[in-house]
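Below, chains carry the letters A, B, ... as their sequence lines are ordered, and counting in each starts from 1. The figures here come from the full heavy-atom set of this structure, side chains too, leaving out hydrogens, waters and symmetry mates.
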Protein chains: 4
Amino acid sequence: MKRNKPKFRQIIDAAVVVIAENGYHQAQVSKIAKQAGVADGTIYLYFKNKEDILISLFQEKMGVFIEIIEEKIEGKDSAAEKLLMLVENHFKLLSEDHHLAIVTQLELRQSNKELRLKINEVLKGYLMLIDRILIEGIEKGEFSGSLDIRLARQMIFGTIDETVTSWVMNDLKFDLPSQAEKVHRLLICGCGK
Amino acid sequence: MKRNKPKFRQIIDAAVVVIAENGYHQAQVSKIAKQAGVADGTIYLYFKNKEDILISLFQEKMGVFIEIIEEKIEGKDSAAEKLLMLVENHFKLLSEDHHLAIVTQLELRQSNKELRLKINEVLKGYLMLIDRILIEGIEKGEFSGSLDIRLARQMIFGTIDETVTSWVMNDLKFDLPSQAEKVHRLLICGCGK
Amino acid sequence: MKRNKPKFRQIIDAAVVVIAENGYHQAQVSKIAKQAGVADGTIYLYFKNKEDILISLFQEKMGVFIEIIEEKIEGKDSAAEKLLMLVENHFKLLSEDHHLAIVTQLELRQSNKELRLKINEVLKGYLMLIDRILIEGIEKGEFSGSLDIRLARQMIFGTIDETVTSWVMNDLKFDLPSQAEKVHRLLICGCGK
Amino acid sequence: MKRNKPKFRQIIDAAVVVIAENGYHQAQVSKIAKQAGVADGTIYLYFKNKEDILISLFQEKMGVFIEIIEEKIEGKDSAAEKLLMLVENHFKLLSEDHHLAIVTQLELRQSNKELRLKINEVLKGYLMLIDRILIEGIEKGEFSGSLDIRLARQMIFGTIDETVTSWVMNDLKFDLPSQAEKVHRLLICGCGK
DNA sequence: AATGAATGAGTATTCATTCAT
DNA sequence: TATGAATGAATACTCATTCAT
């Protein structure tokens, strides 16, 4: 299994660095290979083509993402607390890895539609996690029974994503994790009183 | 002034069609010229370069967007009503122009960071419109006094944007304008009871 | 029509020179462009791709070949005389253009099967010319009535081709046209007495 | 001596299969190794490089070819009969091994000039066999005394080769050995009456 | 003897932009 | 104004060969 060999992760980590520092369109395979400390050809022993590097990158990183967040929300009793954990850790994980934040929020979105559809496939796991929290919240009576799950999920993900993107676009200037509580409050209570 | 000459809009409209039908990376200048019924070189009498076409496209379309929405909210008394008008018309305008929806939600996001920063510049007018509604809502006591304007704006824009993108990605299948009221309720009241 | 523009022939002639002097596998498009005195991209205004240059090359040169030979045999009364003209001019035309001889006998044969099939398509015109001579010879009673046209054509073409290839492989040392009469005699009378 | 070890022939036979089924340019060393049931590196214990495989392949196969034909013509009294034996067995041997026919007539000719010169070196043995038959025919008075040996040899080899190539190119459709007698007659008597 | 993971050189093609007419 | 022929920079991927085990 290629995915477990050290060079697989080595190349993916190199790709994150190269894309973050040079931009998507300046991230040539040869640059990634150099950063990973392998020959150009070695890349193709572990990945089918350049696109495969990017999909695998997203799969690996998003996989860890989902895993960690699932772990954090496990012990929590209320859906609201779980949502807070999700927002907090989403912000925390990305603020701890600036390169990854730049890659996921800015650079990878420049990829073509085909690649973006595959990335969306990976994202589905995360969106389903949000859905589970929403359903639990409704069942427990924490959230409104008339909630449209899809729209609520789009609000949650859209708000988180827009906040992170805005943070990245503003050159990572403000402190992201400290926004989690306020964002959480907005998602639960909205703008109203 | 180039912007008022017929060929200026002719080329921009051609660009929308070509990008929507071929995708961002298959929207060559020569294709846009052909669609517009002019020679390749003529493009450069009206636009500095290809990027300038895309920025102008966004400026023109977003300008109309803001204008119409401002008009619609003018007479409304409450901030909540104004927000509803904004969501409703945002959805309505895009659902009336599928080509434009595809271009703004999917294709134009594939542009490089530099171009996206310039697009964000144009977006600021729209975001300031949201800010004005929020401030009015706080001042009138409709919205929570402790609202973080920036975060609230990011929630509103993020939610609207995510909803539209999801609609476009699902091949424009569901009815977008009919979601406005529910989205509005979510933005005002959140997920909670 | 691209085929009539001067650059079309200019590029083909450059290809003959470059392939003859560098070999098929060292005949890069950029080398051909340089030899033709045009930019790399200009090649693609006149040819679909590299393969298209080679096919067009063969078509153009073989077209001239067939045309000239048809002209030469026109006035001849007997099939035997016509066959002599064919051999003589085949040898003469190639011995007058060493570059072309090298390209058709050695270099172009290194192309892949697909390209060779297309080249064979072009060759058919020449083989049909041979067939017409054979049929006339049989009808006029010059050639044996029991002649198998296909085999006879294969003998004629095979013998001519092998002779030319051998001449090219021996570095064009001996005088090719002077062999025509002897080759002609062999084709008519065979090895026997 | 490498040539006598089983893996030497094993690799050569694998090469014939792989080249025949995949084409010259798709016959990678790794594919040949896999077909032969050895590791890539093992190839290089038996052959200097890839070219060496192809030359050895040709040497081995052509060696058997010459051996068998020499055996067949040994007892024959006349040069004409010997020539018939040569044509017949040339056709028979190749029609019995389609893979080999494809490799020698089509695929190996795509090799570069250098390799083809080396292959010609191997062919010389076969051409000398033809020469010996021709000389015997002249001495015995069967063939014309004024025969140019080189040209006659080129006619014989060129005709046989063109016939086989044509057979391979027509997907081995017609029966090759049954053409031998007619080809033989053509070579002895030519097209004339 | 045998393995197979690693190497790294080499090239066709696209397309935004220019400028002579 | 308008044209469109010409330009030329820039890059992913393959595969013969090696060598540590």
Rounded interatomic separation in angstrom, taking [atom1] from [X] and [atom2] from [N]:
| X | N | atom1 | atom2 | value |
| --- | --- | --- | --- | --- |
| A:Q28 | F:dA9 | CD | P | 16 Å |
| A:F47 | F:dC13 | CZ | P | 13 Å |
| D:D40 | F:dC15 | CG | C1' | 10 Å |
| A:I11 | F:dA12 | CD1 | C1' | 15 Å |
| A:I43 | F:dA12 | CD1 | C1' | 11 Å |
| D:Y24 | F:dC15 | OH | P | 13 Å |

Item to check | Geometric class of the C:F8/C:F47 ring pair [parallel <30°, tilted 30-60°, perpendicular >60°] | outcome: parallel

Next on the checklist: Treating B:N112 as the side-chain partner and B:L115 as the backbone partner, does any N or O pair qualify as donor plus acceptor under 3.5 Å?
Outcome noted: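 Looks like yes, one N/O pair under 3.5 Å.
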
Checklist entry - Do side-chain atoms of A:R116 reach the backbone of B:L106 as a donor and acceptor pair under 3.5 angstrom? => result yes

Checklist entry - Could you give the distance from CD1 (D:I55) to NZ (D:K118), rounded to the nearest 0.5 Å? => result 4.5 Å

Checklist entry - Just one of B:L57, B:I32, B:V29 clears the side chain to side chain contact (heavy atoms under 4.5 Å, CB included) bar with B:I11, so which one? => result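 With B:I11 as partner, B:L57, B:I32, B:V29 yield a single side chain to side chain contact (heavy atoms under 4.5 Å, CB included), made by B:I32.
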
Item to check | Given B:I119, B:I12, B:L108, the one that forms side chain to side chain contact (heavy atoms under 4.5 Å, CB included) with B:L54 | outcome: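 The side chain to side chain contact (heavy atoms under 4.5 Å, CB included) with B:L54 is passed solely by B:L108 among B:I119, B:I12, B:L108.
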
Checklist entry - Does a salt bridge link C:K124 with C:E121, judged by any charged N lying under 4.0 Å from a carboxylate O? => result yes

Contact class for [X] vs. all strands (heavy atom < 4.0 Å): base, sugar-phosphate, or nothing?
| X | value |
| --- | --- |
| C:E51 | nothing |
| C:V29 | base |
| C:Y46 | sugar-phosphate |

Checklist entry - D:V38 or C:N49: which one's nearest nucleotide on DNA chain E is closer to the 5' end? => result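 Closer to the 5' end of DNA chain E: D:V38.
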
Next on the checklist: On DNA chain E, compare the nucleotides closest to C:A27 and A:A39; which residue's is nearer the 5' end?
Outcome noted: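 Result of the comparison: A:A39.
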
Checklist entry - Taking atom CZ of D:R9 as the centre, does the number of heavy atoms from other residues, nucleotides or ligands within less than 6.0 Å exceed 12? => result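 No, because the 6.0 Å sphere around CZ of D:R9 holds 12 heavy atoms or fewer from other groups.
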
Next on the checklist: For the CZ atom on A:R109, are there more than 12 heavy atoms of other groups (residues, nucleotides or ligands in this structure) within a distance under 6.0 Å?
Outcome noted: yes

Checklist outcome for this item: Assert: residue with more 5' nearest nucleotide on DNA chain F, out of A:L45 and C:L45, is C:L45

Item to check | 5' precedence on DNA chain F between A:H25 and C:K7 (nearest-nucleotide basis) | outcome: C:K7

Item to check | Where chain A begins and ends its contact with DNA chain E, read 5' to 3' at 4.0 Å from heavy atoms | outcome: E:dA6 to E:dG8

Checklist entry - Dot-bracket for DNA chain E, 5' to 3', with Watson-Crick and G-U pairs under 3.5 Å, [ ] for crossing pairs and | for other-strand pairs: what is it? => result .||||||||||||||||||||

